[in-house]
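Presented below is the structure to which this report refers.
Note that ligands are numbered from 1 as they come in the structure, with each ligand's atoms numbered from 1 the same way. On a predicted model such as this, the values are computed, not experimentally measured, just so you know.
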Amino acid sequence: MTDFALVGDAYAAHSQRARGRLRHDLVARRVLAELPTGPARILDAGCGDGEMTLRLAAAGHHVTAADPSAGMLEAAARRLAARPGLGSRVRLLEAAIDTLPADGERFDAVCCHGVLMYLDDPADAVARLAGLVADGGLLSILTKNRAAIGVREALRGDYATARRLIDRGGDTSVGHLGLPTRGDTADALDDLAREHGLAPLPWQGVRIFHDHLEDTWDPGGDAYEEALETEWAASWLSPYRDLARQVHTLARRQEVVCHDRERHPPR
Ligand SMILES: C[S@@+](CC[C@H](N)C(=O)[O-])C[C@H]1O[C@@H](n2cnc3c(N)ncnc32)[C@H](O)[C@@H]1O
């Protein structure tokens, strides 16, 4: 795709509103729950303006935040500068997934959120990302849910587009930024993770009941919390999660256990 910074301001505005925040809150809650308590080394691939990077660094983790867009990295750097104390835990790197350094560095978690939908084919990207996950480490992918193609459009009353997407069973539709985005199913992403030696964890559907609302949706404090908790509860369960706009898949690389060969000789 062309430089994402062209729609960066619109994306930043969306991220700060309730619909955008809902997604970040759900995804961050799960990722933080899966991480070790001690400081972890994390790669945020396609970090954009750094929302997840900032959340992870604020939780005490060390984050390499990579994005091919200089403009998005500048936005991330500006947000980082406004949060004294986090800078020492964040390294910004101008790199696309396929140019990420393969110099032997491995991460306790590799996050790639909201990026695969802009790539023609997820397989190479997942292979690259999985290769950067350390033993015992986590791969966290958030992308558009192919299984729910047309749901947003139908709930908004755009039946012509919904019918086209549903009848065709396609994988591409136009997202809220006006860009075409491709979807993947959780099953396909779990299969890719397995191919690269990672064991899938339960996946979640992200934004089930509130996706079709406009960004003007603005519930107050308690109403937002109730919406968030309802989304969280349903996010694990079919059939609710199958209709979510996005899928959050996670997979873990098995820890290598070194046996003491003297005390436990192999049988
Ligand atoms: C929708 S934003 C998501 C940003 C952030 N991960 C988040 O969840 O808020 C998509 C980001 O993916 C980046 N991107 C596009 N193609 C990429 C690629 N091949 N490798 C890594 N990042 C890419 C864009 O520059 C943009 O910053």
Side-chain angles (χ1 to χ4, degrees), residues 1-32 42-58 61 63-80 90-102 107 109-132 138-145 172-184 189 204 206-207 211 215 244-250:
M1 71 172 293
T2 48
D3 192 341
F4 193 85
L6 294 172
V7 293
D9 287 347
Y11 181 70
H14 161 75
S15 271
Q16 299 312 314
R17 296 197 191 109
R19 262 176 88 242
R21 235 170 59 225
L22 203 53
R23 179 260 241 210
H24 292 303
D25 285 349
L26 291 164
V27 174
R29 186 196 289 200
R30 177 69 186 282
V31 171
L32 288 168
I42 301 176
L43 171 66
D44 187 6
C47 64
D49 64 359
E51 179 67 31
M52 190 59 54
T53 291
L54 292 174
R55 289 175 183 236
L56 293 167
H61 300 296
V63 188
T64 297
D67 201 286
S69 162
M72 294 308 284
L73 282 178
E74 274 166 29
R78 276 195 302 276
R79 295 184 71 192
L80 197 56
V90 177
R91 172 170 59 134
L92 297 175
L93 188 67
E94 194 173 323
I97 292 171
D98 61 350
T99 64
L100 283 169
F107 298 87
V110 172
C111 297
C112 184
H113 301 156
V115 180
L116 286 197
M117 58 247 253
Y118 298 107
L119 308 184
D120 292 337
D121 181 355
D124 288 348
V126 174
R128 188 88 182 182
L129 296 167
L132 294 165
L138 186 75
L139 176 62
S140 166
I141 291 178
L142 178 81
T143 194
K144 193 165 89 172
N145 180 14
T172 302
S173 63
V174 176
H176 63 92
L177 296 172
L179 303 173
T181 50
R182 207 188 42 75
D184 291 300
L189 293 170
Q204 287 175 274
V206 172
R207 225 161 50 205
D211 179 70
D215 268 344
R245 179 66 173 182
Q246 292 170 321
V247 285
H248 186 196
T249 63
L250 299 99

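Close contacts of ligand 1 with His24, meaning ligand atoms under 4.0 Å from a residue heavy atom, involve 9 (O). Taking every heavy atom of Tyr11 and a limit of under 4.0 angstrom, the matching atoms of ligand 1 come to 1 (C), 3 (C), 7 (C), 8 (O), 9 (O). Atoms of ligand 1 lying under 4.0 Å from at least one heavy atom of Gly48, given by number and element, are 4 (C), 27 (O). Remark: ligand 1 atoms within the under-4.0 Å shell around heavy atoms of Ser69 are 25 (O). Within ligand 1, counting atoms from 1 as listed, the ones closer than 4.0 Å to a heavy atom of Leu119 are 19 (N). Every atom of ligand 1 is numbered from 1 in the order shown, and the set under 4.0 Å from a heavy atom of Gly114 is 1 (C), 2 (S), 3 (C), 10 (C).
Under 4.0 angstrom from ligand 1, the non-hydrogen atoms of Ile97 come from both its backbone and its side chain. Contacts between Ser15 and ligand 1 below 4.0 angstrom, taking non-hydrogen atoms only, are absent altogether. The parts of His113 lying near ligand 1 are both backbone and side chain, judged by heavy-atom distances below 4.0 Å. Contacts with ligand 1 closer than 4.0 Å are made by no heavy atom of His14, backbone or side chain.
Here the closest heavy-atom approach between residue Met72 and residue Gly8 is recorded as SD-CA, 3.9 Å. The nearest pair of heavy atoms linking Ser69 to Ala5 is OG-CB, 3.6 Å. Shortest non-hydrogen contact noted between Ile97 and Ala45 is CG1-CB, 4.3 Å. Contact record, Val31 with Ser140: CG2-OG, 3.5 Å, taken as the closest heavy-atom pair. The two atoms that bring Asp215 and Arg19 nearest to each other are OD1-NH1, 2.9 Å, heavy atoms only.
When side chains are defined from C-beta on, Val27 does not count as touching Gln246, because their heavy atoms never get closer than 4.5 Å.
In this structure, Asp184 CG and Ile141 CD1 are separated by 8.5 Å, a value rounded to the nearest 0.5 Å.
In this structure, Asp211 does not pair ionically with Arg23, as no charged nitrogen and carboxylate oxygen lie closer than 4.0 Å.
Note: an N/O pair closer than 3.5 Å links Asp67 and ligand 1 by distance alone. Considering backbone and side-chain atoms alike, Arg23 places an N or O below 3.5 Å from some N or O of ligand 1. At under 3.5 Å, not a single nitrogen or oxygen of Pro68, backbone or side chain, sits near a nitrogen or oxygen of ligand 1.
Ring geometry for His24 versus Tyr11: interplanar angle over 60°, hence perpendicular rather than tilted (30 to 60°).
Ligand 1 is never approached by Ala45 to a heavy-atom distance shorter than 4.0 Å.
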